[in-house]
Amino acid sequence: MKTIGLDLGTTSIGACVWDSDLDRVIALETQVHGAALSAREPFAKLQDGRGIAKLAEAIVDRLVARYDDVEAIGITGQMHGIVYVDEQGEMVSPLYTWQDGRAGARYRDGMTYSAALSAELGQTVPTGYGLATHFYHVVQGQVPRMAAKLCTLADAVALLLTRTASPILDPSMAASLGGFDVSALSFRDAALERAGIDCSILPRCSNAGRPLGHFRGIPVYPAIGDNQASYVGAVGNRDDCVLINVGTGAQLSVRVDVGETVPGWEWRPFPGGGGLLVGATLAGGQAYALLASFFRQVIDMFGFQSPSSHYAAMDRALTIAEQVGKTESTLRFWPTFYGTRDDETDKARMENMTADNFTPVDFMIATLDGVVEELYDYWATLPPNIRSRVSRIVGAGNGLRNNPHLARRVERRFGMRLSWSQEREEAAVGAARHASAAASRRHANGSG
């Protein structure tokens with residue numbers, strides 16, 4: 001069986017064709033979407049959702065034309081962010097991404113919008129999560145007049161592909177918006193209503209494994225969370241692995257059963273049952289990207305021409321440093337540029353800066369070590385009964401795969417050899433494998 005997987009990432013769209021008979025990807029493509037929108041407010045992180053959707057539709061159309069025996073389409077994409085759609089399922093707002101900071105603004109009684117909503121629910125809804133963003137819009141009177149539902153970008157793209165009017169969210173996506181009861185697999189309507197949110201705008205949730213609709217006669221399944229999709233694409237359903245995924249952000253993920261929770265970790269529904277324990281950091285690969293941007297600004301300030309790739313130049317500098325024995329730095333860096341899930345006010349900071357370590361190479365080493373240490377802090381809190389069954393650490397995401405210096409630091413800190421997923425674009429592969437499994441179950445049940 002051939003299935004298409006589509007991943008709508010923060011910076012690019014990944015797509016693949018998965019052949020379950022061969023157990024491998026037979027076509028793969030990645031396209032940068034360049035969808036970021038400028039905004040007056042410094043906290044706003046917006047993208048052109050309609051532009052991303054049109055590009056995604058063109059990619060799927062191209063793959064369907066190339067492979068006329070595709071039997072299902074699976075979708076994933078950046079979690080937490082939201083778009084608003086009207087009664088026809090058309091987007092009537094930009095994408096408010098998971099990096100959007102409006103819910104971190106001060107609201108009342110010294111609390112942010114996110115904190116106020118969290119207090120009302122008795123459940124943390126961090127800044128950047130869809131319902132925290134929506135709560136800000138409700139209070140500010142900024143919900144689009146034509147909005148009938150809110151949903152993730154991936155779910156809005158599913159509406160476009162199937163020409164369906166109303167989104168249906170898989171629990172793995174719905175939970176990423178906040179205000180969700182993972183035991184009941186539904187939004188906490190009564191508590192949200194008390195907070196002033198009209199729950200008629202919330203999408204329906206279902207894990208029934210049925211297609212949302214069809215694209216050129218091919219079943220399209222509701223989107224699944226990109227964290228879960230990456231795990232499926234890189235690891236499958238195994239529970240003896242820990243997945244480290246570094247993209248714009250970074251996550252440490254471990255497959256667990258219902259009821260296996262750990263303080264400080266987020267329990268996320270897993271497609272098909274059970275869950276993932278997830279330790280998520282907000283900078284990840286973006287921390288290194290910010291450092292590259294800093295170097296570019298310095299070069300520009302002195303009137304020199306920037307190299308074609310800042311990352312390649314940084315890689316060369318680190319390699320030369322390693323050749324002369326410099327692999328560590330006494331500089332300590334916490335790259336929490338965007339806060340943490342627990343404390344949105346936390347800021348990036350450096351310690352132990354001296355005249356000797358005030359160098360570009362030390363800055364690079366300290367940044368990489370800081371990214372790794374944020375993830376390791378989660379690992380260190382796992383109880384022995386979960387840690388003892390982990391025998392393998394699997395790497396995924398371009399921020400890790402394309403940076404061997406970061407990969408080596410992960411291996412040293414975790415004390416395990418880093419293995420890699422068989423295929424690139426793990427989230428797209430996971431979406432395709434999820435759709436393949438769902439279609440197979442329907443065939444087995446005689447649903448067609």
Side-chain angles (χ1 to χ4, degrees), residues 41 43-46 78-87 92-153 155-156 166-206 225 261 263-264 266-269 278 280 282 338-346:
E41 306 93 340
F43 56 69
K45 298 294 181 183
L46 311 177
Q78 48 180 303
M79 300 161 67
H80 311 306
I82 55 168
V83 296
Y84 294 96
V85 298
D86 63 16
E87 292 183 350
V92 293
S93 77
L95 166 64
Y96 301 90
T97 77
W98 62 275
Q99 294 177 311
D100 191 88
R102 68 194 62 226
R106 292 294 169 189
Y107 175 37
R108 65 183 181 194
D109 301 326
M111 291 191 295
T112 65
Y113 287 84
S114 167
L117 179 61
S118 298
E120 184 66 45
L121 299 181
Q123 172 189 0
T124 301
V125 185
T127 296
Y129 276 43
L131 286 187
T133 300
H134 177 62
F135 179 64
Y136 174 92
H137 288 155
V138 170
V139 174
Q140 293 291 326
Q142 294 179 4
V143 178
R145 184 175 58 85
M146 298 297 292
K149 297 289 181 183
L150 61 79
C151 62
T152 74
L153 173 66
D155 291 294
S166 187
I168 298 177
L169 269 61
D170 182 90
S172 64
M173 269 301 200
S176 80
L177 302 183
F180 193 79
D181 185 338
V182 294
S183 59
L185 297 182
S186 63
F187 288 106
R188 301 178 60 197
D189 287 3
L192 290 167
E193 291 279 1
R194 286 196 300 271
I197 292 176
D198 180 355
C199 289
S200 66
I201 202 168
L202 300 180
R204 185 160 67 89
C205 302
S206 174
T261 60
E266 186 177 353
W267 195 96
R268 295 179 177 177
V278 181
L282 303 182
Y338 308 104
T340 67
R341 291 291 190 212
D342 294 329
D343 184 3
E344 62 197 29
T345 65
D346 197 10

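Values reported hereafter were calculated over all heavy atoms of this structure, with side chains retained and with hydrogens, waters and symmetry mates removed. All of these numbers come straight from a predicted model, not from anything done at the bench. The chain is numbered in sequence order, starting from 1.
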Asks: Which atom pairs, donor and acceptor, lie under 3.5 Å between side-chain atoms of residues 190-197 and protein residues at least two apart or in another chain?
Replies:
| unit_1 | atom_1 | unit_2 | atom_2 | d |
| --- | --- | --- | --- | --- |
| Glu193 | OE2 | Cys199 | N | 3.1 |

Asks: Looking at side-chain heavy atoms only, is the closest gap between His137 and Tyr96 below 4.5 Å?
Replies: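 Heavy-atom side-chain distance check passes, below 4.5 Å.
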Asks: Between CG of Leu202 and SG of Cys151, what distance do you get to the nearest 0.5 Å?
Replies: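 That separation rounds to 11.0 Å.
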Asks: Is a side-chain N or O of Lys149 found less than 3.5 angstrom from the main chain of Arg204, in a donor-acceptor match?
Replies: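 Such a contact is absent between Lys149 side chain and Arg204 backbone.
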Asks: Checking the side chain of Thr97 only, and the main-chain atoms of Gly81 only, is there a donor and an acceptor separated by less than 3.5 Å?
Replies: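 Side chain of Thr97 to backbone of Gly81, a donor-acceptor pair under 3.5 Å: no, none is there.
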Asks: Dump the intermediate steps for side-chain contact (heavy atoms from CB on, under 4.5 Å) on Val85 and Val92, then the final yes or no.
Replies: CA-CA 5 Å; Val85 298; Val92 293; 5.7 Å; no
Asks: Mark yes when over 12 heavy atoms from residues, nucleotides or ligands other than Glu87 sit less than 6.0 Å from its CD; otherwise mark no.
Replies: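 It does not: Glu87 CD has 12 such atoms or fewer within range.
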Asks: To check you understand the geometry: which heavy-atom pair defines the closest contact between Leu95 and Leu153, and what is its length?
Replies: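 Closest heavy-atom pair between Leu95 and Leu153: CD2-CD2, 3.8 Å.
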Asks: For Gly225, does its backbone N or O pair with a side-chain atom of Ser172 as donor and acceptor, under 3.5 Å?
Replies: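 Here the side-chain-to-backbone pair exists.
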Asks: To the nearest 0.5 Å, tell me how far Glu41 CD sits from Asp100 CG.
Replies: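 The distance works out to 8.5 Å.
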Asks: Side chain of Asp109, backbone of Met111: donor and acceptor closer than 3.5 Å?
Replies: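 No, because the side chain of Asp109 does not come within donor-acceptor range (under 3.5 Å) of the backbone of Met111.
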Asks: Could you work out, with ring pair (Phe, Tyr, Trp, His ring centres under 6.0 Å) as the rule, every residue matching Tyr338, not counting sequence neighbours?
Replies: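 Residues passing ring pair (Phe, Tyr, Trp, His ring centres under 6.0 Å) with Tyr338: none at all.
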Asks: Between the side chain of Arg188 and the main-chain N/O of Leu121, is any donor-acceptor distance below 3.5 Å?
Replies: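 Judged by distance alone, yes, a pair lies under 3.5 Å.
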Asks: Set out, in order, the CA-CA distance, both residues' side-chain angles and the distance that settles side-chain contact (heavy atoms from CB on, under 4.5 Å) for Val125 and Leu177, then state yes or no.
Replies: CA-CA 8 Å; Val125 185; Leu177 302 183; over 6 Å; no
Asks: With a 3.5 Å distance limit and no angle check, can you tell me whether Gln99 reaches the backbone of Gly128 through a side-chain donor-acceptor pair?
Replies: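 Checked: no pair found.
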Asks: Do you see a donor-acceptor pair shorter than 3.5 Å between the side chains of Asp155 and Thr152?
Replies: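 Checked: Asp155/Thr152 side chains pair up, N/O donor to acceptor below 3.5 Å.
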Asks: Counting only N and O atoms by type, is there a donor-acceptor contact under 3.5 Å from the side chain of Thr112 to the main-chain atoms of Gly104?
Replies: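 A pair under 3.5 Å: no.
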Asks: Output yes when a side-chain donor or acceptor of Ser93 lies under 3.5 Å from a complementary backbone atom of Tyr84, and no otherwise.
Replies: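 Judged by distance alone, yes, a pair lies under 3.5 Å.
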Asks: Can you tell me how far CE of Met173 sits from CD1 of Ile168, rounded to the nearest 0.5 angstrom?
Replies: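 Ile168 atom CD1 to Met173 atom CE measures 14.5 Å (nearest 0.5 Å).
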Asks: Hey, could you give me the CG/CZ distance between Asp181 and Phe187, rounded to the nearest 0.5 Å?
Replies: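 Between atom CG of Asp181 and atom CZ of Phe187 there are 11.5 Å.
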Asks: Is there a side-chain contact (heavy atoms from CB on, under 4.5 Å) between Arg102 and Gln142? Walk through the geometry before answering.
Replies: CA-CA 12 Å; Arg102 68 194 62 226; Gln142 294 179 4; 4.2 Å; yes
Asks: If the plane angle is over 60° it's perpendicular, under 30° parallel, otherwise tilted; pick one for Tyr136 and Tyr113.
Replies: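 Correct class here is perpendicular.
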Asks: Please tell me if the side chains of Leu150 and Pro203 come closer than 4.5 Å, counting only heavy atoms from C-beta onward.
Replies: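 Yes, their side chains come closer than 4.5 Å.
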Asks: Would you give the length of the straight line joining atom CZ of Phe180 to atom CD of Gln123, rounded to the nearest 0.5 angstrom?
Replies: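 Separation between the atoms: 10.0 Å.
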Asks: So which heavy atom on Pro126 is nearest to which on Ala132, and how close?
Replies: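 It is O-CB, 3.6 Å.
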Asks: When rounded to the nearest 0.5 angstrom, what is the spacing between CG in Leu117 and NE2 in His134?
Replies: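 Here the rounded value is 10.0 Å.
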Asks: Between Thr127 (side chain only) and Ser114 (backbone N and O only), is there a donor and an acceptor less than 3.5 Å apart?
Replies: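 Checking the backbone N and O of Ser114 against the side chain of Thr127, no donor-acceptor pair under 3.5 Å is found.
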Asks: With side-chain contact (heavy atoms from CB on, under 4.5 Å) as the criterion, how do Met79 and Tyr129 come out once you've worked through the C-alpha distance, each side chain's angles and the decisive distance to 0.1 Å?
Replies: CA-CA 8 Å; Met79 300 161 67; Tyr129 276 43; over 6 Å; no
